[in-house]
Each structure stands twice: as structure tokens, then as C-alpha cells.
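These notes are about the structure you will find just below.
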Amino acid sequence: KFKIVLENTNEKIQIDENTTVFLKIKKTVKTIYVNLKDNNTSRLVIHGKVPANINIFVTSELQEKKNYIIHDENSLTGCLTFLDANLENLNLTIENSQCEDSVNFIRTVGSINSIKVKNSSSDAIDMDFSNLKVKSVEVNNSLNDCLDLSFGEYFFEKIILDNCGDKAVSVGEKSKAVIGISEISNSRLAAATKDSSVSYFQTLFLNNVDLCFDNYKKKQEFDGGLTFLKNSVFEKCKDKMKFDANSKIEIY
């Protein structure tokens, strides 16, 4: 069912057998280079226990962005998908993605050192049904959301998000998100919390952002959104936030 592409001291990464990718592997430093040649067939899906402290670099050679496909035959939306994976100190870099998500974490647990995403045709980072602790996130130039979280618990030490086409951070569908330092620039909305989700923002730096926070109920089966802010963040954003009757924004 799977093709093993990296083995190092009894560690391995498993990739779906139908995935078409071109790999250059340096086993000694645990680094994988992935070049997606054809976005209609090339998707990287990683399962299971991922070697600790591994570096993964994903790039695409496609220049035409208007014809990217939404998902593959298995309804996976990421150019790179971690599916039922266990991570330890992952370092990930993705550039020029032309999928619905540059990277999608599904039912994945563990820790991430850094995620860097540049030039996404839609969402940059999507996390679903996962429990992840992340030290650093950097996203530059995403045509839709930069960081999209749902059905899980997520902890970030620092996020730097620039030029997000829609929401810099989206927290939805019974998720909990705790974010230490947020640096958000050139985006319509800094953070949306919705559909029975809770978010915590400790420190926030903004540049050219229309709205700080927007909390609401979007889907009928859920409640609204609840955001807790440090007092300094609340004072900075008190004239740039809104919430519906099902939602709240509070100081903690």
C-alpha cells in the first residue's frame, strides 16, 4: 500500500503509492526535497511516525495558477498532507503551492519547530482534527487564509503572517487555539473565531489590518466563538473588533 522513501536508523516516512513526486534525499541530515512536477497528479501524503528533527522542502514548478485543482481522488486538499501522523520537531518549508492547501495536517499529533509557506494559491496552512504544538509559523502571500484551524487543539509560540487574502487566522469547529506572539500585516482580518471555538491571543503586532477580531456563528450545528485577549491587545483593537449575539471577546 505504501512506498517507503526514507529510512534512517529504523525510521521511515511512508508515502501513498499513487503519489507522483520527485525526491532528493539526504539521509545523514534527515532532509527531504520534493519538487511537484504536475499539480494534477503530484501530491505528497505522509503517514505514521515521522523521524524527529526532519527538514522537508516542497516546491512547485508550475507557473499557471488559474488551473490548480481543489483536491485529489481521495479528497485530500493539500499539496503536502500529514495524515494520521506523529511529528517531533518538524521543520517544513513550502513555496509556490497551487493546491487548495499548501499543507494540511489531518489527525496529526506532536511538535513542530517551524513552518514557512510562501506564495499559496489558496490557503497556506490547514490543520484539522489534530493536536499540535508549534514554535514558529511564517506565511507570506496567501490568496485566501494563512492559518486555518478546525476540530483540534493548537498551541503556537509565534506566528508571522503577511499578505493574507482573507483571514490571517481562522479558528473554527470546536477548536482551541493559544497564540503567544502574533505579527500580522497587510491582511483584511487578523483573526476569526467561530463555531464553538475558543482562542487566546497574548501579544499582537499589527500593520495595515482592517479588522482585528471577528467572532461569529457560521454553521447551524455549532455555537459562536469566544476569544480571550490580554489587556494590551484589547486596548489596541477595541475599535477594530466585532462579534454576534452568540459570541464574546473577553480580557483574561
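Under a 4.0 Å N-O distance rule, the pair K158/E183 qualifies as a salt bridge.
Contact annotation: the side chain of Y154 never approaches that of K176 to less than 4.5 Å [non-hydrogen atoms, C-beta and beyond]. Considering only heavy atoms from C-beta on, V117 stays 4.5 Å or farther from S97 through its side chain. Looking only at side-chain heavy atoms (C-beta outward), F222 and K174 come within less than 4.5 Å of each other. Side-chain contact check for L204 versus L229: every heavy-atom pair is 4.5 Å or farther apart. Annotation: side chain of I181 is not in contact with side chain of E157 (no heavy-atom distance under 4.5 Å). At least one side-chain heavy atom of I125 sits less than 4.5 Å from a side-chain heavy atom of V137. Put simply, the side chain of V139 does not reach to within 4.5 Å of the side chain of S120, judged on heavy atoms. Residues K240 and V209 form no side-chain contact, since every pair of their non-hydrogen atoms from C-beta on lies 4.5 Å or further apart.
T227 and S199 are linked by a side-chain donor-acceptor pair at a separation below 3.5 angstrom, with hydrogens and angles left out of the test. Remark: the S185 side chain and the N208 side chain contain no N/O donor-acceptor pair separated by less than 3.5 Å. Side-chain contact check for S170 and K194: at least one donor-acceptor pair (N or O, by modelled atom type) lies under 3.5 Å. Residues D223 and S196 bring no donor and acceptor atom of their side chains to less than 3.5 Å of each other. N163 and N186 share no side-chain donor-acceptor pair at under 3.5 Å. Remark: the D101 side chain and the T77 side chain contain an N/O donor-acceptor pair separated by less than 3.5 Å.
Shortest non-hydrogen contact noted between V233 and F201 is CG2-O, 4.3 Å. Shown here for Q202 and V178, the closest heavy-atom pair between the two residues is NE2-CG1, 4.2 Å. Smallest separation of non-hydrogen atoms from K167 and A192: CD-CB, 3.4 Å. Smallest separation of non-hydrogen atoms from A168 and C146: O-CB, 3.4 Å. Across all their heavy atoms, S122 and C99 have their closest contact at CB-O, 3.7 Å.
The CG atom of L161 sits 12.5 Å away from the CG atom of N141 when rounded to the nearest 0.5 Å. To the nearest 0.5 Å, atoms CG (L149) and CD (E173) are separated by 10.5 Å. A distance of 11.0 Å separates CG of L92 from NZ of K116, quoted to the nearest 0.5 Å. We find the OH-CZ distance between Y33 and F57 to be 5.0 Å, quoted to the nearest 0.5 Å. Note that CD1 of I32 is 9.5 Å distant from CG of N55, once rounded to the nearest 0.5 Å. Expressed to the nearest 0.5 Å, how far CD1 of I115 lies from CG of L132 amounts to 7.5 Å.
Ring geometry for Y252 against F228 counts as perpendicular: the plane angle is over 60°, on a 0 to 90° scale with 30° as the lower cut. Ring geometry for F151 versus F129: interplanar angle under 30°, hence parallel rather than tilted (30 to 60°).
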Give the C-alpha distance, both sets of side-chain angles, the deciding distance and a yes or no for salt bridge (charged side-chain N to carboxylate O under 4.0 Å, His left out) between E88 and K49.
CA-CA 9 Å; E88 184 179 351; K49 175 67 177 177; 3.6 Å; yes

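Screening I112, V45, V103 against F82 for a side chain to side chain contact (heavy atoms under 4.5 Å, CB included) leaves a single residue, V103.
Counting only distance, with no hydrogens or angles, the side chain of D244 and the backbone of K217 share a donor-acceptor pair below 3.5 Å. No side-chain donor-acceptor contact under 3.5 Å links S187 to the backbone of A190. The backbone N or O of N89 sits less than 3.5 Å from a side-chain atom of S111, completing a donor-acceptor pair. Of the possible polar contacts, one joining the S130 side chain to the R107 backbone as a donor-acceptor pair under 3.5 Å is found. Checking side-chain atoms of S136 against main-chain N and O of S114 turns up no donor-acceptor pair under 3.5 Å. Side chain of D123 to backbone of D145: a donor-acceptor contact under 3.5 angstrom is found.
By the 6.0 Å and 45° rule, K242 does not stack over the aromatic ring of F213.
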